[in-house]
Amino acid sequence: MALPRRRKLHYHRLGSLVQVASAISGTLLLLFAFLSFFFPSPDESEHFHLRHRQTSFNAVVKDSVSDRNSVFKIPSTGGKLDRDIWSSKNAKFFYGCSNASARFAKAEAITHPTRYLAIATSGGLNQQRTGIMDAVVAARILNATLVVPKLDQKSFWKDASDFTDIFDVDWFISFLSKDVKIIKQLPKRGWRTWTPYTMRVPRKCSERCYLNHVLPVLLKRHNAVQLNKFDYRLANRLDTDLQKLRCRVNYHALQFANPILEMGKMLVQRMRMRSKHYIALHLRFEPDMLAFSGCDYGGGEKEKNELGAIQKRWKTLHKNNPDKERRQGRCPLTPEEVGLMLRALGYGSDVHIYVASGEVYGGEETLRPLKALFPNFYSKDTIATNEELGQFLSFSSRMAALDFIVCDESDVFVTNNNGNMARILAGRRKYFGHKPTIRPNAKKLYRLFLSRNNMTWEEFSSRIRTLQKGFMGEPKEVRPGRGEFHENPSTCICEDSEAMGKLKADSRHKKHRKLDDSSRKDVMVSDDQNDYDDNDVPEWPDLDEDEDEEEEDESGSKEKHLSNVTGSDYGTVISDEPELEAMLSD
């Protein structure tokens, strides 16, 4: 009797253990499934943000309000911030100043009567603009009369426009008449047209370089010289009066021709009719740009084949490591990432966006996440009819000029690359009041985008605001002398020191009051101060520095750091690829 009872008790205990083990195993399996769902593998996490063609992001945007269980909920509003998102802090204390000094002689006093300088520019609209600006200064250095520059009609852009089609030539000549004598064409020599001697000068040619190498040729070759492929052929650092002359050319003398100006104003007016404020976004997500970047955007084999076919057009283009390029900040942000950055910076779904862009790779499917975040989405093609744009459609430079005007007049300008249009507009917006100009800190942002699904929106947006400090177009954000002069025209920006001094004194007074108050109560910490330590203090923007470049000798034998020359952040451009260089220039 005792033996069967013990056996029965043994089986009962064994059954209980099996039930407990089964329950524990089931719980562990559920926990594992939960963790797998919310914390994907490193490989999946690393590439999740690149798959902008998949529907997962759209589902997050669509259900962000209703899905209360989502960790990364994207709000429809920009939230409450302690700053004005439509203006730059302290901008009112800075202003453009480009008047010549008393010692800068008038043109009529220093111009040699039979010495002529002609210029043939290179590249797209904005690269040519830098050439025109430098051509005026070069003529002044040589005490020569400048012939109105010839525009590039043979490059990648294949635009047959001449100077008078793009710019107001009469205004250009009259405005600069006290600085440089300018004529529309070379005079005749007897019955023959004066044919200038053609030559090229090295990149970043200094004032001494022009005097030592171009002036002797001018004197020998019948006093007329044409400098070809004139882009970035003048040193970045010059005498103060010459730098101010650059500013007078760029910000005052170069005005668009009346048809372009009127159409541009109409586009701006139509944006203003829709909203008091608007953002202009220079997206630069064209197939050519992506192919050159060598980055991976999550399109799989199809993307690899399509962009690979474009890359084959450039024999000297090196194959890049996509992960390395992204780590170094050389990959343009996807439209989705641009939208997330803007929302984190405080711009809600009611904000109107004007997009200046060519053909976007992937078309509407690529733009869908950005449009989901910002439904009020426009371009010149959507706010103007084909009939209105008709006279410009066949000319890439004239179309680019329209985008330039709308971007220049915007309340906030966002650039997704560092080409010539972005740099010129950044400098122009500093000169005319430091209007906000946002440049993504791509080198730091990429890691944040990788891990965004493992944090709350509040944590993500706070980190975005922290990492973007120094990349928002604020006064004194970039050290004087850094970057290209037309991007950072520090010589031509003056400070109202008296008003600024008063502001600093008031600030010190408030600071002392806060310190006194802190002894009696806890001090509130703003959201921008959360979640970062001293190691997270923003770096200065990663602009090219002249001091890092190898100085070229006066023969122009060295041309190091051509990425600085073409204004691209996406690697070094090979100088024997004219189509590639021109395509990336704007």
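Start at 1 with the first residue, then count along the sequence.
- The pair Asp411-Arg272 meets the salt-bridge criterion, since a charged nitrogen lies less than 4.0 angstrom from a carboxylate oxygen.
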Carefully, step by step, assess Cys97 and Cys492 under the rule disulfide (SG to SG under 2.5 Å). CA-CA 5 Å; Cys97 51; Cys492 302; over 6 Å; no

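- For Tyr278 and Trp86, the ring centers sit 6.0 Å or farther from each other.
- In this structure, Phe285 has its ring center closer than 6.0 angstrom to the ring center of Tyr297.
- Between Glu495 and Lys92 there is no salt bridge, since none of the side-chain N atoms of the basic residue sits less than 4.0 Å from a carboxylate O of the acidic one.
- Judged purely by distance below 3.5 Å, without hydrogens or angles, the side chains of Gln243 and Thr491 never pair a donor atom with an acceptor atom.
- Phe413 does not carry Arg429 over the face of its six-membered ring by the limits of under 6.0 Å from the centre and within 45° of the normal.
- Panel note: side chain Arg343, backbone Ile74; no donor-acceptor pair is recorded below 3.5 Å.
- Side-chain atoms of Lys89 never come within 3.5 Å of backbone atoms of Pro475 as a donor-acceptor pair (strictly under, hydrogens ignored).
- In this structure, the ring of Tyr232 has its center less than 6.0 angstrom from the ring center of His486.
- Side chain of Arg246 to backbone of Met133: no donor-acceptor contact under 3.5 angstrom is found.
- Note on Asp134 versus Arg233: no salt bridge recorded, every NZ/NE/NH1/NH2 to OD/OE distance being 4.0 Å or above.
- Between Ser87 and Asp84, the side chains place a donor N or O and an acceptor N or O closer than 3.5 Å (distance only, hydrogens not considered).
- Between Ser293 and Pro332, the closest side-chain pair of non-hydrogen atoms falls below 4.5 Å.
- Salt bridge absent: Glu459 and Lys73 never bring a charged side-chain N and a carboxylate O closer than 4.0 Å.
- Annotation: cation-pi geometry satisfied between Arg129 and Phe256 (NZ/CZ under 6.0 angstrom from ring centroid, within 45° of ring axis).
- Asn416 places no side-chain N or O within 3.5 Å of a backbone atom of His282 that could act as its donor or acceptor partner.
- Note that OG1 of Thr437 and CZ of Arg428 are 12.0 Å apart. Values are rounded to the nearest 0.5 Å.
- With Asn305 contributing its side chain and Glu301 its backbone, the two residues share a donor-acceptor pair below 3.5 Å.
- With Arg270 contributing its side chain and Ile383 its backbone, the two residues share a donor-acceptor pair below 3.5 Å.
- For Glu306 and Lys302, the salt-bridge test passes: some basic side-chain N is under 4.0 Å from an acidic carboxylate O.
- Ionic pairing of Glu286 and Arg284 is present here: one or more N-O contacts between side-chain nitrogen and carboxylate oxygen are shorter than 4.0 angstrom.
- Ionic pairing of Lys469 and Glu477 is not present here: no N-O contact between side-chain nitrogen and carboxylate oxygen is shorter than 4.0 angstrom.
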Evaluate the side-chain contact (heavy atoms from CB on, under 4.5 Å) criterion for residues Leu448 and Met455: first the C-alpha distance (whole Å), next the side-chain angles of each, then the deciding distance (0.1 Å), finally the verdict. CA-CA 10 Å; Leu448 187 60; Met455 64 180 72; 3.7 Å; yes

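- No side-chain N or O of Gln468 forms a donor-acceptor pair with one of Asn441 less than 3.5 Å apart.
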